[in-house]
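From a predicted model like this one, the values you see are computed outputs, not experimental measurements.
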Amino acid sequence: MQHYKTSLHDEAATQALGKSLALCLQPGLVIYLNGDLGAGKTALTRAILQAAGHQGNVKSPTYTLAEPYQIQLKDRIIKFMHFDLYRMISADEFIEAGFRDEFNAETICIIEWPEKAEGLLPRADLEVFIDILAVGREVKLQANSEKGNACLTQLHFAPNL
Ligand SMILES: Nc1ncnc2c1ncn2[C@@H]1O[C@H](COP(=O)(O)OP(=O)(O)OP(=O)(O)O)[C@@H](O)[C@H]1O
Ligand SMILES: [Mg+2]
């Protein structure tokens, strides 16, 4: 399986990575975002959404746990769910909100704090690990499925673009 590692010197580099990732998304992709508080998980999600044509705000869905978006992938409009499970208290909360149905072949799901819902979430096609450095961030992308692998194969990222 493919993996990819790079450093992101500043927030502009995080935005550039989001833009590159937006170009290799496909329906049904499940992406886990791993990293400490303030690592840049929401910043990366925002960059992906904006690059994929979303024009409004992208806030962290801290209390609602999830926020739905519509994005444009080539000539299709696709549902994109942004989860932030940091404040999830119980499995019931996840199940009663109907979140399990969001994991389907048509919807892209990106999840901050996936470890809070261990055993409830499907496996990730792609995992993102963000580490906070003295200056900037280090990011690792790991494919865990053929779908994730196809995404990373298509990824073209030049941090200084
Ligand atoms: N490559 C980078 N270098 C330095 N700072 C960055 C970089 N990318 C993003 N940031 C900054 O890091 C912060 C990231 O905040 P963000 O809310 O995205 O973190 P998060 O991982 O979603 O945290 P939380 O777990 O609380 O949801 C922002 O202030 C953003 O400007
Ligand atoms: Mg966040």
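A distance of 5.0 Å separates CD1 of Ile78 from CG of Leu73, quoted to the nearest 0.5 Å. To the nearest 0.5 Å, the span separating OG1 on Thr42 from CG on Leu49 amounts to 10.5 Å. Note that the CD atom of Glu112 and the CG atom of Leu65 stand 11.5 Å from one another [nearest 0.5 Å].
Scanning all heavy atoms of the two residues, the minimum distance from Leu152 to His3 falls at CD1-CA, 3.9 Å. His156 approaches Ser20 most closely through the heavy-atom pair O-OG, 3.2 Å. Scanning both residues, Pro27 and Lys147, for their nearest heavy atoms gives O-NZ, 2.9 Å. In terms of heavy-atom proximity, Lys116 sits nearest to Met88 at O-CE, 3.3 Å.
Contacts classified as ring pair (Phe, Tyr, Trp, His ring centres under 6.0 Å) and involving residues 15-59 (residues at least two apart or in different chains) are given here: His54-Tyr69. The stretch residues 112-143 participates, sequence neighbours left out, in these ring pair (Phe, Tyr, Trp, His ring centres under 6.0 Å) pairs: Tyr86-Trp113. For residues 90-102, the pairs satisfying side chain to side chain donor-acceptor pair (under 3.5 Å) are Lys79-Glu102, with sequence neighbours left out.
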* After noting the C-alpha distance and the side-chain angles of Leu25 and Ile71, does the key distance pass the side chain to side chain contact (heavy atoms under 4.5 Å, CB included) rule? -> CA-CA 11 Å; Leu25 296 177; Ile71 62 166; 4.2 Å; yes
* Go through Lys59 and Glu67 one step at a time and tell me if the side chain to side chain contact (heavy atoms under 4.5 Å, CB included) criterion holds. => CA-CA 9 Å; Lys59 299 182 296 183; Glu67 186 68 29; over 6 Å; no
* Going through the checks in order, is the side chain to side chain contact (heavy atoms under 4.5 Å, CB included) test met by Phe103 and Ile111? -> CA-CA 11 Å; Phe103 293 83; Ile111 305 113; 3.8 Å; yes
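With sequence neighbours excluded, the residues satisfying side chain to side chain donor-acceptor pair (under 3.5 Å) with Thr107 are Asn104. With sequence neighbours left out, the side-chain contact (heavy atoms from CB on, under 4.5 Å) criterion links Gln72 to Ile77. For Glu118, the salt bridge (charged side-chain N to carboxylate O under 4.0 Å, His left out) test picks out no residue, with sequence neighbours left out. Annotation: side chain to side chain donor-acceptor pair (under 3.5 Å) contacts of Asn144 (sequence neighbours excluded): Glu127. In terms of the side-chain contact (heavy atoms from CB on, under 4.5 Å) criterion, residue partners of Glu146 (sequence neighbours excluded) are, by chain and number, Met1, Asn149. A search for side-chain contact (heavy atoms from CB on, under 4.5 Å) contacts involving Thr153 returns Gln2, not counting sequence neighbours. Taking Gln154 as the reference, Cys24 meet the side-chain contact (heavy atoms from CB on, under 4.5 Å) condition, with sequence neighbours excluded.
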Show me the side-chain donor-acceptor pairs of residues 10-19 shorter than 3.5 Å, one per line, residues at least two apart or across chains.
residue: Asp10; atom: OD1; partner: Ala12; partner atom: N; Å: 3.3
residue: Asp10; atom: OD1; partner: Ala13; partner atom: N; Å: 3.1

What pairs of donor and acceptor atoms, side-chain ones from residues 132-140 against any protein atom, are under 3.5 angstrom apart with sequence neighbours left out?
residue: Arg137; atom: NE; partner: Ala39; partner atom: O; Å: 2.7
residue: Arg137; atom: NH2; partner: Gly38; partner atom: O; Å: 3.1

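Note on ring orientation: taking the six-membered ring where Trp is involved, the planes of Phe94 and Phe99 are perpendicular (angle over 60°, cut-offs 30° and 60°).
Screening Ile110, Thr45, Leu44 for a side-chain contact (heavy atoms from CB on, under 4.5 Å) with Val128, the sole residue that qualifies is Leu44.
At least one side-chain heavy atom of Asn34 sits less than 4.5 Å from a side-chain heavy atom of Glu115. Two residues are said to be in side-chain contact when any heavy atoms from C-beta on lie closer than 4.5 Å; Leu121 and Phe83 fail this criterion. You'll find the side chain of Cys151 stays beyond 4.5 Å of the side chain of Asp125, heavy atoms only.
Side-chain heavy atoms closer than 4.5 Å link hydrophobic residues (I, L, V, M, F, W, Y) into clusters, and following such links, possibly through other members, connects Ile108 to Leu33.
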